[in-house]
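Written out below as structure tokens is the structure these notes cover.
Order of appearance sets the numbers: ligands from 1, and atoms from 1 within every ligand. When a residue number appears, it is its place in the shown sequence, counting from 1.
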Amino acid sequence: MKTALLSAFLLIFSGALFGQAFVANYDEAKMPAYTLPDPLLFNNEQPVKDAVGWTKRRAEILELFENEVYGKTPTGKVHLAFRVISENREALEGMAIQREVQLTLEKDGNTLLINVLLYLPKAGKKHPLFLGLNFSGNHTISDDPGIAITNSWVRNNAAKGITANKSVESTRGSDSASWPVRALIERGYGLATIYCGDLDPDFDDGFKNGVHSLFPGPRSSNSWGTVAGWAWGLSRVLDYLEKVKEVDAKRVVVLGHSRLGKAALWAGANDPRFAIVVSNESGCGGAALSKRIFGETVERINTSFPHWFCENFRKYNRKEEDLPVDQHELLALIAPRPLYVCSAEEDQWSDPKGEFLACAAASPVYKLLGKEGLPGKEFPDLQQPLTGTIGYHIRSGKHAINLYDWTSFLNFSDIYFAKR
Ligand code: GTR
């Protein structure tokens, strides 16, 4: 009864949200039969037998994702410069250093400015650190009056007083519940965050602004979209973090919630320097299997957010069965590094079961590489994390990232960074 009510609510909610007649399926019995591509079979159907074989197969899978889903990230040297714009060495009652740093990315005379907000524990020397994009500006993650309000484009929101795509003072600290900085510092971790809109504003402008301004030129059906642009930016921040003396750049966890979780996964797949990857409720185009057609679908995501993926991804609108890859293979690209995926019970739009099954289906690759993958095959109870080299939890509650989630990421990272 409770599930039926929840499904009805979600159905109406998602329809109303997009103002179009779209009926999402929330019934396992109505899902099509589907077959997942085997990550351990080459495109020519030959089996992958060992780690050397996997390196070759990995390149095939990466190329499929580039051509059919996220688009190809352009190559070419980008020059990185940085300057500290503010520093408070007595943040969080003297426990932490809070620093704002402006990065200038320059290519062929075009520049992009991005602001990194850093928190570092004062005790100790080199710290492991979480790196993640935020949704609305660095100033929204803390109510500290010292953090600059973003100058980048933000979505208008009359209720918040945002009318000219410019953020306002009253949004300071508005997303602090998603960023429990004190808990991280107390556990010995730093945090680096940047506003996703510094890298690419989240609207369809025909790929002109943000990172696209650094790589102008003709586009094709496999040119990158916004999710890939955000992922690329995470790697540029890691380039900078490698130069920060208080950061242990070999222990950086890249994480993201929802659309920014999709970006974190693609960043982790492309950049092996990320030691651990965390996806929080990343759903369709993230950790959830597309072929299940449960919750958000390929057609729905390409219609609501035409700028997120490459044009080729639209070939699979209502044709998920034709996709040559599925999202378990994105997770497999992270192997053998630790990966943590989480879902929320009331977030059926992101298909928690599809996220869990993707973890299970990525596990044979971890096993081939001598790692455990996801322990157990049973979908876990609420608040019962599974912890192998792939970790997974589903918690009660809504689509959000909260202290329970962060505590689980910290517990997971502690194991792999051997702090216990
Ligand atoms: C939804 C979108 C999801 C997810 C979410 C979010 O509207 O359909 O794919 O990314 O937004 O980012 O909060």
Please state whether R300 comes within less than 4.0 angstrom of ligand 1, counting heavy atoms only.
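No, that is not the case, since the closest heavy atom of the residue is not under 4.0 Å from the ligand.
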
At the 4.0 Å heavy-atom cut-off, does K262 count as touching ligand 1?
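Heavy atoms of K262 do come under 4.0 Å of ligand 1.
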
Mind checking side chain to side chain contact (heavy atoms under 4.5 Å, CB included) for S178 and listing every partner two or more places apart, or none if nothing turns up?
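With sequence neighbours excluded, S178 shows a side chain to side chain contact (heavy atoms under 4.5 Å, CB included) to D175, I401, given in chain and number order.
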
Test salt bridge (Lys or Arg N to Asp or Glu O under 4.0 Å) on K315 and D322; report intermediate values, then the result.
CA-CA 9 Å; K315 291 190 299 195; D322 291 349; over 6 Å; no

With sequence neighbours excluded, give me every salt bridge (Lys or Arg N to Asp or Glu O under 4.0 Å) pair touching residues 140-165.
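Qualifying pairs, neighbours excluded: none.
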
Below 30° counts as parallel, above 60° as perpendicular, anything between as tilted: where do the rings of Y404 and H393 land?
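Judged by the thresholds at 30° and 60°, the geometry between Y404 and H393 is perpendicular.
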
Without swapping roles, check the side chain of D205 against the backbone of F207 for a donor-acceptor pair under 3.5 Å.
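Checking the backbone N and O of F207 against the side chain of D205, a donor-acceptor pair under 3.5 Å is found.
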
Report, in ascending order of atom number, the atoms of ligand 1 lying under 4.0 Å from any heavy atom of [X].
| X | value |
| --- | --- |
| I301 | 9 (O) |
| F305 | 2 (C), 7 (O), 8 (O) |
| W308 | 9 (O), 10 (O) |

Quick check: S282 and ligand 1, any N/O pair under 3.5 Å apart?
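Between S282 and ligand 1 (N or O atoms, distance only) the closest approach is not under 3.5 Å.
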
Do H399 and ligand 1 have an N or O pair less than 3.5 Å apart?
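Yes - when backbone and side-chain N and O of H399 are compared with those of ligand 1, one distance drops under 3.5 Å.
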
Looking at every non-hydrogen atom in both residues, tell me the closest pair between T193 and L133 and how far apart they are.
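Taking T193 first and L133 second, the nearest heavy atoms are OG1-C, 3.9 Å.
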
Can you tell me which portion of R259 lies within the under-4.0 Å heavy-atom range of ligand 1? Options are side chain, backbone, both, or neither.
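Both backbone and side chain.
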
